[in-house]
Protein chains: 2
Amino acid sequence: MRVTADDVAARAGVSRSAVSRAFTEGASIQPDKRAHIRAVADDLGYRPNLMARSLTGGATGLIAVVVGSLSNPYESWFLDILSQGIRSRGLWPLLVPVSPGQEIEPALDHALAYQVDGAVIAAGSVNRKLAERCTANGAPIVVVGRVLDGGGADSVCCDNRAGMSMIAERLVTTGRRKIAWIGGRADTFSNVERLEGLTAALAGYGMSLCETRRGDYTTDSGMVQALALLTGPDRPDAIACGNDAMAIGAIAAAHRLGLRVPEDVGICGFDDIPAAAWEPFCLTTVANPVSETVHAALDLLTRRIAGETGAPSTIRLPPALRIRQSL
Amino acid sequence: MRVTADDVAARAGVSRSAVSRAFTEGASIQPDKRAHIRAVADDLGYRPNLMARSLTGGATGLIAVVVGSLSNPYESWFLDILSQGIRSRGLWPLLVPVSPGQEIEPALDHALAYQVDGAVIAAGSVNRKLAERCTANGAPIVVVGRVLDGGGADSVCCDNRAGMSMIAERLVTTGRRKIAWIGGRADTFSNVERLEGLTAALAGYGMSLCETRRGDYTTDSGMVQALALLTGPDRPDAIACGNDAMAIGAIAAAHRLGLRVPEDVGICGFDDIPAAAWEPFCLTTVANPVSETVHAALDLLTRRIAGETGAPSTIRLPPALRIRQSL
DNA sequence: ACCATGATTGCACAGGCTTTCAAAACCGCG
DNA sequence: CGCGGTTTTGAAAGCCTGTGCAATCATGGT
């Protein structure tokens, strides 16, 4: 049913090898013959079967992209840039969506069975053993957004602590005294680093958080936690949030309570997602260098795919403070 | 380098066929032998090569997903639900991102070369010829979010006209007299239908649009166009937007100008993306039945993949008016 | 103990492609 | 026209798996 190289060969009156060569850049074949074959192929609607091609040991050009819930604006923003980056390098993203809490391993295993050339992992937890299995299977991985504990894979990650120390400075500069924190799930890497970073930086100013609460990185949860904070007995004059989505929820909460931002309560986030700049929010936040992260991750990955060995490297990218109006 | 069935066979002391059968459900093989082989395979980290498997004529389990710029919140919301739906049917989404204005054909062609079993096309323009070529190549397609002009492929689409007529009724009910429109690119299907639907429905009430402007479905463009409208000589008392992202921008514009929503100006959108419900917006909008759309599209597609023939069908899903506070 | 029956097993091939290798065609030049 | 050297070319070998087919094995009935 599907038209194969044999069909084209028969129709063009050449051997199957010639057809293969006509589609291989730099292969030894007469230019006019190549043109003829390509014309016939076009006529028949032939395209080399990439599955069969990869069977001979070549690369598939497939990159598994493990990503969390796309309803999270940061996640989809990241995927947008990542998929463009993958395509611009002539590769193709095989999407592996995993729900939070879901095990990443079986999904990744299945993707491996598609002989992906590599994987970018931006969600779920991966341990050293899993990383090594992927590499052993010829599919190096790069972990994004956190650093792999036991080593075993390259990782690219924003310098969360540096980001939070800039936030801390801003909090102090604007004269905040009672600073609360709304974080994400306790066990996530970014949450831990950001909270630690903020605590440490504040300690440098002789200050500490007056209260910490936990959301789940969604706008709704930010709203809920901020409402609780702002209606509590000891209202904070600033709320630092673990990401922008929650900060947006916190701003909504302040508005609902008739509080002015930033006068009555300063609010800040992390990531600088597109929505952070939207007018009603004007969120002061830390810009997560997503483009640079994607670029670095893909560089690392392609180099591994090309066969580079050596100890896994960790790249920390510096974030930038983005001062708008909410703090 | 990659471990193959031969390796497992040698290590387990059986033939390669046995290994194959151990991984084929319902194949004739002794239970304990299967268990042994699977244990060995697990030990070696073996997984059947899906590329090679698909070579024998089987399906690849890959579904090409052609999607537009993921920075558009509707698009990423849709992809979220679609990718979950694809995974839940045991298939895998191969992402084919296309920028607006970019030709879809070469990208889709390349995806076809991966022997995808089918394609869901939610962006770019596809004509009858392209649709037929895909089908002829054994990869039926389903077009989402618009109806294919010349037929040639199944399509699933929200009933834009019905949605806009509900909006029109709401506009009239709330006593709006001067209604403006901010649409998207003139040539997009949804834009045409929504504008036509609104115009027609208003005509039924003896009314017409006082002004129409064009954005590009982004929040920024909605803001820009709404600013122009609201500072113009004849300020409208309602702005209907072609999608939610632009409506959010319009609300931001109203706020910046100190206008109250909905008292001074009513604003509505289309889609009911998650952000539409966020507190500062509380956007009155038309809920695009995304889950139902995904479900219907995947049903159609899997049936075609299973070999069902017959004239392409078009499914129109009814939207629902979601009244919040902006209109 | 022997045969019919059915479950297992291994061999070999198919599937679409790339690539090595040796044969064939071509080139310029004496 | 002959010859060394450089493309071009086609045949065949592989890549990895699933499966039809024939051979083998175990089973149970007599």
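What you see is a predicted model, and the numbers here were worked out from it, not measured in a lab.
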### Query
Do the side chain of D271(B) and the main chain of N288(B) share a donor and acceptor less than 3.5 angstrom apart?
no
#### Entry: Interatomic distance where CG belongs to D32(B) and P belongs to dA7(C) [whole Å]
17 Å
### Task
Measure the acute angle between the ring planes of Y114(A) and H110(A), then classify it against the limits of 30° and 60° as parallel, tilted or perpendicular.
tilted
### Task
Can you tell me the distance, in whole Å, between the CZ atom of F23(B) and the C1' atom of dT19(D)?
17 Å
### Query
Would Y217(B) and S190(B) count as having a side-chain donor-acceptor pair, cut-off 3.5 Å?
yes
Using a cut-off of under 3.5 Å, enumerate the N/O to N/O pairs linking the protein to nucleotides 14-16 of chain C.
residue	atom	partner	partner atom	Å
dG16(C)	N2	A52(A)	O	3.4

### Query
Whole-Å distance between dT18(C) P and M51(B) CE?
15 Å
### Query
Salt bridge check: are D154(A) and R304(A) linked by an N-O gap of less than 4.0 Å?
yes
### NZ or CZ of R38(A) within 45° of F23(A) ring axis and under 6.0 Å
yes
### Query
Considering all heavy atoms of both residues, which atom of C158(A) and which atom of E193(A) are nearest to each other, and what is their separation?
O-OE1, 4.4 Å
Identify each atom pair where a protein N or O and an N or O of nucleotides 6-10 of chain D are less than 3.5 Å apart, giving names and distance.
residue	atom	partner	partner atom	Å
dT8(D)	OP2	S28(A)	OG	3.2
dT9(D)	OP1	Q30(A)	OE1	3.4
dT9(D)	OP1	K33(A)	NZ	3.0
dT9(D)	OP2	Q30(A)	N	3.3
dG10(D)	OP2	S15(A)	N	3.4
dG10(D)	OP2	S15(A)	OG	3.1
dG10(D)	N7	R21(A)	NH2	2.7
dG10(D)	O6	R21(A)	NH2	3.3

### Query
Partners of T24(A) by side-chain hydrogen bond (donor to acceptor under 3.5 Å, both in side chains), sequence neighbours excluded?
none
### Task
Round to a whole Å and report the spacing from CD of Q115(A) to C1' of dC17(C).
15 Å
### Query
With distance as the sole test, does N137(B) use its side chain to make a donor-acceptor pair with the main-chain N or O of A139(B) at under 3.5 Å?
no
